[in-house]
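For reference, the structure discussed in these notes is given below.
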Amino acid sequence: MEDEERLQLGGNPDWMSRLPGELLDVPLWNLALPGSHDSMSFCLDVSSPVVRSEPCVLRAIDRLFPCWTRTCVSLWATTQQSVLSDQCELGVRFLDLRIARKPAGGNTLFFAHGIYTLMTVQEALQELASWLDAHPREIVIVSCSHFESLSDEDHVHLAEFIITLFGEKLCLSRDIPTLRSCWSRGQQVVVSYSNQQMVLLHPELWTEIPYRYADSPDPMKVIAYLEDQKHRGRPAGFYVSGLNLTEDAPYVLLHPLQGMRKMTARALPLLLSWTSEQRPGVEAGGVNILCCDFVAVSRFCSLVIGLNYKLLAAPDAASISRR
(Lines give C-alpha, C1' and ligand atoms only; values in the text may rest on other atoms or scores of the structure.)
Protein backbone atom coordinates (compact mmCIF):
# COMPACT_ATOMS: atom_id res chain seq x y z
CA MET A 1 0.00 0.00 0.00
CA GLU A 2 1.31 3.46 -0.89
CA ASP A 3 2.21 5.74 2.03
CA GLU A 4 -0.02 8.52 0.70
CA GLU A 5 -3.04 6.20 0.59
CA ARG A 6 -2.33 4.98 4.11
CA LEU A 7 -2.14 8.54 5.44
CA GLN A 8 -5.36 9.44 3.66
CA LEU A 9 -7.24 6.51 5.17
CA GLY A 10 -5.72 6.93 8.59
CA GLY A 11 -5.20 4.31 11.27
CA ASN A 12 -6.71 3.30 14.58
CA PRO A 13 -3.81 1.71 16.49
CA ASP A 14 -5.15 2.52 19.99
CA TRP A 15 -8.86 2.90 19.46
CA MET A 16 -9.89 0.63 22.34
CA SER A 17 -7.99 2.68 24.88
CA ARG A 18 -9.80 5.79 23.63
CA LEU A 19 -13.37 4.55 23.96
CA PRO A 20 -15.60 6.46 26.42
CA GLY A 21 -15.68 5.28 30.03
CA GLU A 22 -19.30 4.14 29.63
CA LEU A 23 -18.08 1.33 27.32
CA LEU A 24 -15.22 0.01 29.42
CA ASP A 25 -17.38 -2.53 31.28
CA VAL A 26 -19.24 -3.79 28.22
CA PRO A 27 -18.39 -7.44 27.35
CA LEU A 28 -16.31 -7.50 24.19
CA TRP A 29 -18.98 -9.57 22.45
CA ASN A 30 -21.35 -6.59 22.82
CA LEU A 31 -18.96 -4.20 21.09
CA ALA A 32 -18.39 -3.80 17.35
CA LEU A 33 -14.94 -5.12 16.38
CA PRO A 34 -13.34 -4.90 12.91
CA GLY A 35 -11.92 -8.17 11.59
CA SER A 36 -9.99 -9.29 8.54
CA HIS A 37 -11.15 -12.31 6.54
CA ASP A 38 -8.33 -14.77 5.79
CA SER A 39 -5.86 -12.47 7.49
CA MET A 40 -2.69 -14.17 6.24
CA SER A 41 -3.61 -14.44 2.56
CA PHE A 42 -1.38 -11.48 1.69
CA CYS A 43 1.67 -13.77 1.46
CA LEU A 44 0.51 -16.74 -0.60
CA ASP A 45 3.31 -18.78 -2.16
CA VAL A 46 2.69 -19.33 -5.88
CA SER A 47 5.39 -22.01 -5.89
CA SER A 48 3.41 -24.17 -3.46
CA PRO A 49 0.84 -26.77 -4.53
CA VAL A 50 -2.90 -26.36 -4.19
CA VAL A 51 -3.99 -27.50 -0.70
CA ARG A 52 -5.32 -31.03 -0.32
CA SER A 53 -8.82 -29.94 0.70
CA GLU A 54 -9.42 -28.26 -2.67
CA PRO A 55 -11.51 -30.18 -5.27
CA CYS A 56 -9.81 -33.12 -7.00
CA VAL A 57 -10.29 -31.50 -10.41
CA LEU A 58 -8.38 -28.40 -9.35
CA ARG A 59 -5.56 -30.46 -7.88
CA ALA A 60 -5.35 -32.51 -11.09
CA ILE A 61 -5.12 -29.34 -13.19
CA ASP A 62 -2.46 -28.05 -10.79
CA ARG A 63 -0.31 -31.09 -11.52
CA LEU A 64 -0.60 -30.49 -15.28
CA PHE A 65 -0.42 -26.69 -15.43
CA PRO A 66 1.00 -25.49 -12.07
CA CYS A 67 2.08 -22.01 -13.21
CA TRP A 68 -1.36 -21.12 -14.58
CA THR A 69 -3.30 -22.79 -11.76
CA ARG A 70 -1.37 -21.24 -8.88
CA THR A 71 -1.41 -17.75 -10.40
CA CYS A 72 -5.17 -17.98 -10.82
CA VAL A 73 -5.69 -19.39 -7.32
CA SER A 74 -3.50 -16.66 -5.85
CA LEU A 75 -5.54 -13.94 -7.57
CA TRP A 76 -8.76 -15.31 -6.11
CA ALA A 77 -7.45 -16.44 -2.72
CA THR A 78 -5.61 -13.22 -1.81
CA THR A 79 -8.01 -11.24 0.38
CA GLN A 80 -5.59 -9.02 2.35
CA GLN A 81 -2.48 -7.08 1.43
CA SER A 82 -0.57 -6.27 4.61
CA VAL A 83 1.08 -7.98 7.57
CA LEU A 84 -0.77 -8.52 10.84
CA SER A 85 0.83 -5.58 12.62
CA ASP A 86 -0.31 -3.22 9.84
CA GLN A 87 -3.82 -4.65 10.04
CA CYS A 88 -3.83 -4.03 13.79
CA GLU A 89 -2.60 -0.48 13.21
CA LEU A 90 -5.64 0.08 11.00
CA GLY A 91 -7.90 -1.09 13.84
CA VAL A 92 -8.44 -4.79 13.10
CA ARG A 93 -9.11 -6.71 16.32
CA PHE A 94 -10.14 -10.11 14.92
CA LEU A 95 -7.64 -12.16 12.95
CA ASP A 96 -8.80 -15.11 10.86
CA LEU A 97 -5.85 -17.54 10.83
CA ARG A 98 -6.26 -20.72 8.75
CA ILE A 99 -3.42 -22.99 9.72
CA ALA A 100 -1.91 -25.76 7.59
CA ARG A 101 0.99 -28.15 7.21
CA LYS A 102 2.68 -28.14 3.80
CA PRO A 103 3.21 -31.55 2.17
CA ALA A 104 6.99 -31.07 2.25
CA GLY A 105 7.20 -28.50 5.02
CA GLY A 106 8.53 -30.71 7.80
CA ASN A 107 7.23 -29.80 11.26
CA THR A 108 6.85 -26.12 10.38
CA LEU A 109 3.27 -24.84 10.21
CA PHE A 110 2.07 -22.29 7.68
CA PHE A 111 -1.30 -20.80 6.69
CA ALA A 112 -3.39 -21.65 3.65
CA HIS A 113 -6.13 -20.30 1.42
CA GLY A 114 -6.20 -22.29 -1.78
CA ILE A 115 -2.41 -22.49 -1.68
CA TYR A 116 0.04 -22.17 1.21
CA THR A 117 1.68 -19.04 2.58
CA LEU A 118 5.31 -17.99 2.67
CA MET A 119 5.15 -16.80 6.29
CA THR A 120 5.06 -19.39 9.07
CA VAL A 121 2.68 -19.50 12.02
CA GLN A 122 5.54 -18.86 14.41
CA GLU A 123 6.68 -15.75 12.52
CA ALA A 124 3.18 -14.29 12.28
CA LEU A 125 2.29 -14.83 15.95
CA GLN A 126 5.62 -13.46 17.13
CA GLU A 127 4.98 -10.34 15.07
CA LEU A 128 1.56 -10.01 16.69
CA ALA A 129 3.05 -10.46 20.17
CA SER A 130 5.52 -7.64 19.49
CA TRP A 131 2.70 -5.36 18.35
CA LEU A 132 0.72 -6.11 21.50
CA ASP A 133 3.75 -5.24 23.64
CA ALA A 134 3.74 -1.81 22.02
CA HIS A 135 -0.03 -1.34 22.54
CA PRO A 136 -0.74 -2.72 26.03
CA ARG A 137 -4.38 -1.56 26.18
CA GLU A 138 -5.52 -3.16 22.91
CA ILE A 139 -7.18 -6.60 22.83
CA VAL A 140 -7.05 -8.88 19.79
CA ILE A 141 -9.12 -11.99 19.07
CA VAL A 142 -7.14 -14.67 17.23
CA SER A 143 -9.18 -17.36 15.49
CA CYS A 144 -7.16 -20.50 14.71
CA SER A 145 -9.08 -22.79 12.37
CA HIS A 146 -9.19 -25.20 9.41
CA PHE A 147 -5.94 -26.97 10.45
CA GLU A 148 -5.20 -28.45 7.02
CA SER A 149 -3.33 -31.77 7.46
CA LEU A 150 -2.36 -31.16 11.13
CA SER A 151 -1.72 -34.21 13.29
CA ASP A 152 -2.58 -34.58 16.98
CA GLU A 153 1.08 -33.91 17.75
CA ASP A 154 0.96 -30.72 15.69
CA HIS A 155 -1.99 -29.51 17.76
CA VAL A 156 -0.16 -30.21 21.02
CA HIS A 157 2.91 -28.28 19.89
CA LEU A 158 0.87 -25.40 18.46
CA ALA A 159 -1.21 -25.00 21.62
CA GLU A 160 1.94 -25.05 23.74
CA PHE A 161 3.58 -22.45 21.52
CA ILE A 162 0.57 -20.12 21.71
CA ILE A 163 0.27 -20.42 25.49
CA THR A 164 4.00 -19.90 26.02
CA LEU A 165 4.22 -16.97 23.59
CA PHE A 166 1.31 -14.95 24.95
CA GLY A 167 1.48 -16.16 28.56
CA GLU A 168 -0.40 -13.90 30.95
CA LYS A 169 -1.75 -11.87 28.02
CA LEU A 170 -4.26 -14.67 27.36
CA CYS A 171 -7.87 -14.21 28.46
CA LEU A 172 -9.17 -17.39 30.07
CA SER A 173 -12.24 -18.98 28.49
CA ARG A 174 -14.16 -18.78 31.77
CA ASP A 175 -13.82 -14.98 31.85
CA ILE A 176 -16.29 -12.37 30.64
CA PRO A 177 -13.78 -10.02 29.02
CA THR A 178 -14.34 -6.27 29.12
CA LEU A 179 -11.80 -3.58 28.39
CA ARG A 180 -11.53 -2.70 32.08
CA SER A 181 -11.17 -6.30 33.25
CA CYS A 182 -8.57 -7.08 30.59
CA TRP A 183 -6.54 -3.99 31.43
CA SER A 184 -6.60 -4.82 35.15
CA ARG A 185 -5.20 -8.30 34.47
CA GLY A 186 -2.81 -7.39 31.67
CA GLN A 187 -4.81 -9.55 29.23
CA GLN A 188 -4.72 -8.76 25.52
CA VAL A 189 -5.48 -11.95 23.57
CA VAL A 190 -8.53 -14.15 23.13
CA VAL A 191 -7.54 -17.31 21.21
CA SER A 192 -10.38 -19.19 19.55
CA TYR A 193 -9.22 -22.69 18.61
CA SER A 194 -11.41 -24.94 16.46
CA ASN A 195 -10.18 -28.23 17.89
CA GLN A 196 -12.37 -29.18 20.82
CA GLN A 197 -9.85 -31.59 22.33
CA MET A 198 -7.31 -28.80 22.75
CA VAL A 199 -9.98 -26.46 24.12
CA LEU A 200 -10.92 -29.00 26.78
CA LEU A 201 -7.28 -29.41 27.79
CA HIS A 202 -6.38 -25.71 27.97
CA PRO A 203 -8.52 -23.04 29.70
CA GLU A 204 -6.48 -20.43 27.80
CA LEU A 205 -8.17 -21.52 24.54
CA TRP A 206 -11.73 -20.56 23.61
CA THR A 207 -14.13 -22.66 21.59
CA GLU A 208 -14.61 -21.89 17.89
CA ILE A 209 -16.31 -18.55 17.21
CA PRO A 210 -19.32 -18.80 14.84
CA TYR A 211 -18.60 -17.18 11.46
CA ARG A 212 -21.70 -16.26 9.43
CA TYR A 213 -21.09 -15.73 5.73
CA ALA A 214 -23.27 -16.04 2.63
CA ASP A 215 -20.97 -18.09 0.37
CA SER A 216 -21.90 -15.90 -2.59
CA PRO A 217 -20.15 -13.51 -5.04
CA ASP A 218 -23.21 -11.22 -5.01
CA PRO A 219 -23.11 -8.42 -2.38
CA MET A 220 -26.91 -8.20 -2.39
CA LYS A 221 -27.11 -11.87 -1.42
CA VAL A 222 -24.47 -11.32 1.27
CA ILE A 223 -26.55 -8.55 2.80
CA ALA A 224 -29.80 -10.52 2.50
CA TYR A 225 -28.17 -13.48 4.23
CA LEU A 226 -26.82 -11.37 7.10
CA GLU A 227 -30.19 -9.67 7.53
CA ASP A 228 -31.89 -13.08 7.70
CA GLN A 229 -29.37 -14.21 10.33
CA LYS A 230 -30.03 -11.08 12.37
CA HIS A 231 -33.75 -11.88 12.49
CA ARG A 232 -32.92 -15.36 13.79
CA GLY A 233 -31.16 -13.86 16.82
CA ARG A 234 -27.53 -13.51 17.77
CA PRO A 235 -25.40 -16.24 19.35
CA ALA A 236 -24.27 -15.93 22.95
CA GLY A 237 -20.73 -14.63 23.19
CA PHE A 238 -18.51 -13.72 20.25
CA TYR A 239 -19.70 -14.14 16.69
CA VAL A 240 -18.65 -12.97 13.23
CA SER A 241 -20.65 -11.42 10.42
CA GLY A 242 -18.68 -11.95 7.22
CA LEU A 243 -18.93 -9.20 4.61
CA ASN A 244 -16.58 -11.20 2.42
CA LEU A 245 -17.67 -12.37 -1.01
CA THR A 246 -17.13 -15.98 -2.06
CA GLU A 247 -16.41 -16.76 -5.69
CA ASP A 248 -17.90 -19.92 -7.20
CA ALA A 249 -16.47 -22.06 -9.99
CA PRO A 250 -18.65 -20.60 -12.80
CA TYR A 251 -17.69 -17.06 -11.81
CA VAL A 252 -13.97 -17.87 -11.78
CA LEU A 253 -14.20 -19.63 -15.16
CA LEU A 254 -15.82 -16.53 -16.64
CA HIS A 255 -13.32 -14.15 -15.00
CA PRO A 256 -10.15 -16.24 -14.41
CA LEU A 257 -7.71 -13.34 -14.09
CA GLN A 258 -9.98 -10.74 -12.53
CA GLY A 259 -9.14 -11.64 -8.94
CA MET A 260 -10.82 -11.06 -5.61
CA ARG A 261 -9.66 -7.49 -5.21
CA LYS A 262 -11.54 -6.21 -8.27
CA MET A 263 -14.69 -8.09 -7.27
CA THR A 264 -14.44 -6.72 -3.72
CA ALA A 265 -13.84 -3.14 -4.92
CA ARG A 266 -17.11 -3.14 -6.85
CA ALA A 267 -19.06 -4.50 -3.88
CA LEU A 268 -17.54 -2.37 -1.11
CA PRO A 269 -19.81 0.71 -1.41
CA LEU A 270 -22.91 -1.45 -0.90
CA LEU A 271 -21.34 -3.54 1.89
CA LEU A 272 -20.03 -0.49 3.75
CA SER A 273 -23.38 1.25 3.44
CA TRP A 274 -25.03 -1.75 5.14
CA THR A 275 -22.31 -1.77 7.80
CA SER A 276 -22.93 1.88 8.68
CA GLU A 277 -26.55 1.04 9.53
CA GLN A 278 -25.65 -1.66 12.06
CA ARG A 279 -25.58 -1.47 15.83
CA PRO A 280 -23.69 -3.54 18.41
CA GLY A 281 -25.18 -4.67 21.69
CA VAL A 282 -27.29 -7.37 23.26
CA GLU A 283 -30.34 -7.01 21.00
CA ALA A 284 -31.25 -9.81 18.60
CA GLY A 285 -29.88 -7.85 15.63
CA GLY A 286 -26.78 -6.59 17.39
CA VAL A 287 -23.51 -7.09 15.52
CA ASN A 288 -20.20 -8.05 17.13
CA ILE A 289 -17.23 -8.88 14.88
CA LEU A 290 -17.52 -7.75 11.27
CA CYS A 291 -14.99 -9.21 8.82
CA CYS A 292 -14.07 -7.80 5.44
CA ASP A 293 -11.60 -8.45 2.64
CA PHE A 294 -8.88 -5.88 1.86
CA VAL A 295 -9.34 -3.94 5.10
CA ALA A 296 -6.59 -1.49 4.08
CA VAL A 297 -8.31 -0.09 0.98
CA SER A 298 -11.39 1.48 2.58
CA ARG A 299 -12.56 3.11 5.79
CA PHE A 300 -14.02 -0.21 6.93
CA CYS A 301 -12.20 -0.29 10.28
CA SER A 302 -13.10 3.28 11.20
CA LEU A 303 -16.71 2.64 10.20
CA VAL A 304 -17.01 -0.43 12.44
CA ILE A 305 -15.26 1.26 15.37
CA GLY A 306 -17.69 4.16 15.07
CA LEU A 307 -20.67 1.85 15.57
CA ASN A 308 -19.74 1.55 19.25
CA TYR A 309 -20.73 5.14 19.88
CA LYS A 310 -24.33 4.22 19.09
CA LEU A 311 -24.35 2.39 22.42
CA LEU A 312 -24.01 5.70 24.24
CA ALA A 313 -27.41 6.76 22.95
CA ALA A 314 -29.16 3.67 24.36
CA PRO A 315 -31.97 4.45 26.85
CA ASP A 316 -30.29 2.20 29.42
CA ALA A 317 -26.65 2.07 28.35
CA ALA A 318 -25.60 0.75 31.74
CA SER A 319 -27.53 -2.48 31.15
CA ILE A 320 -25.21 -3.42 28.29
CA SER A 321 -22.35 -3.92 30.73
CA ARG A 322 -24.35 -6.37 32.81
CA ARG A 323 -24.83 -9.00 30.06
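These figures come from a predicted structure and were not determined experimentally.
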task = Show your working on side chain to side chain contact (heavy atoms under 4.5 Å, CB included) between Cys43 and Met40 and close with a plain yes or no.
result = CA-CA 6 Å; Cys43 63; Met40 290 299 300; 4.0 Å; yes
key: Worked verdict on Leu75 versus Thr78 for side chain to side chain contact (heavy atoms under 4.5 Å, CB included)   = CA-CA 6 Å; Leu75 280 170; Thr78 298; over 6 Å; no
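Both Leu205 and Leu201 are members of a single hydrophobic cluster when ILVMFWY side chains are connected at heavy-atom separations under 4.5 Å. A chain of hydrophobic side-chain contacts below 4.5 Å, direct or via other Ile, Leu, Val, Met, Phe, Trp or Tyr residues, connects Met220 to Trp274. Hydrophobic clustering of Ile, Leu, Val, Met, Phe, Trp and Tyr side chains at less than 4.5 Å, counting indirect connections, unites Leu84 with Leu132. A continuous path of ILVMFWY side-chain contacts below 4.5 Å connects Leu226 to Leu290, so both sit in one hydrophobic cluster. Both Leu270 and Met260 belong to a common hydrophobic cluster when Ile, Leu, Val, Met, Phe, Trp and Tyr are linked at side-chain heavy-atom distances under 4.5 angstrom.
None of Glu227, Lys221, Gln229 except one satisfies the side chain to side chain contact (heavy atoms under 4.5 Å, CB included) rule with Tyr225; the exception is Gln229.
Not counting sequence neighbours, Asp215 has no partner by the side-chain hydrogen bond (donor to acceptor under 3.5 Å, both in side chains) test. Residues that satisfy the ring pair (Phe, Tyr, Trp, His ring centres under 6.0 Å) test with Trp76, not counting sequence neighbours, are Tyr251.
For the ring-ring contact (aromatic ring centres under 6.0 Å, His included) condition, the pairs that include at least one residue of residues 141-161, sequence neighbours left out, are Phe147-His155, Phe147-Tyr193, His155-Tyr193. Among residues at least two apart or in separate chains, side chain to side chain donor-acceptor pair (under 3.5 Å) pairs with a member in residues 158-174 are Asp133-Lys169. For the ring-ring contact (aromatic ring centres under 6.0 Å, His included) condition, no pair includes a residue of residues 285-310, sequence neighbours left out.
Looking at heavy atoms from C-beta onward, Leu97 lies in side-chain contact with Ser39 at the 4.5 angstrom threshold. Contact annotation: the side chain of Pro49 approaches that of Tyr116 to within less than 4.5 Å [non-hydrogen atoms, C-beta and beyond]. For the pair Val140 and Val189, the minimum side-chain heavy-atom distance is 4.5 Å or more. Between Ile99 and Leu158, the closest side-chain pair of non-hydrogen atoms falls below 4.5 Å. In this structure, the side chains of Leu245 and Ser216 stay at 4.5 Å or more apart for every pair of heavy atoms. For the pair Leu268 and Leu243, the minimum side-chain heavy-atom distance is 4.5 Å or more. With a 4.5 Å cut-off on side-chain heavy atoms, Cys144 and Ile162 count as touching. Counting only heavy atoms from C-beta outward, the side chains of Ser241 and Lys230 never approach each other to under 4.5 Å.
The hydrophobic side chain of Leu118 is isolated, with no ILVMFWY side chain under 4.5 Å apart from it.
Checked for salt-bridge contact, Arg261 and Asp293 miss the test: no charged N lies under 4.0 Å from a carboxylate O. Arg98 has a carboxylate O that lies under 4.0 Å from a charged side-chain N of Asp96, or vice versa, which qualifies the two as a salt bridge.
Glu204 places no side-chain N or O within donor-acceptor distance of the main-chain N or O of Val199, the cut-off being under 3.5 Å. A donor-acceptor contact shorter than 3.5 Å is absent between the side chain of Glu208 and the backbone of Asn195. In this structure, the side chain of Trp206 engages the main chain of Cys171 through a donor-acceptor pair within 3.5 Å. Glu89 places no side-chain N or O within 3.5 Å of a backbone atom of Pro13 that could act as its donor or acceptor partner. A donor-acceptor pair under 3.5 Å is absent between the side-chain atoms of Asn308 and the main chain of Leu31, judged by distance alone. Within the 3.5 Å criterion, the main-chain N or O of Ser273 finds a donor-acceptor partner in the side chain of Ser276. No side-chain donor-acceptor contact under 3.5 Å links Lys102 to the backbone of Thr108. Within the 3.5 Å criterion, the main-chain N or O of Phe110 finds no donor-acceptor partner in the side chain of Glu148. Using a distance-only test at 3.5 Å, with no hydrogens or angles considered, no donor-acceptor pair links the side chain of Arg180 to the main chain of Leu23. With Trp15 contributing its side chain and Gly91 its backbone, the two residues share a donor-acceptor pair below 3.5 Å.
Side-chain N/O atoms of Ser151 and Asp154 include a donor and acceptor closer than 3.5 Å. Using a 3.5 Å distance cut-off with no hydrogens or angles, the side chains of Ser47 and Asp45 do pair a donor with an acceptor. Gln80 and Ser41 share no side-chain donor-acceptor pair at under 3.5 Å. Side chain to side chain, Lys310 and Gln278 fail the donor-acceptor criterion of an N or O pair below 3.5 Å.
Ring pair Tyr211/Tyr213 is perpendicular by interplanar angle, where above 60° counts as perpendicular and below 30° as parallel.
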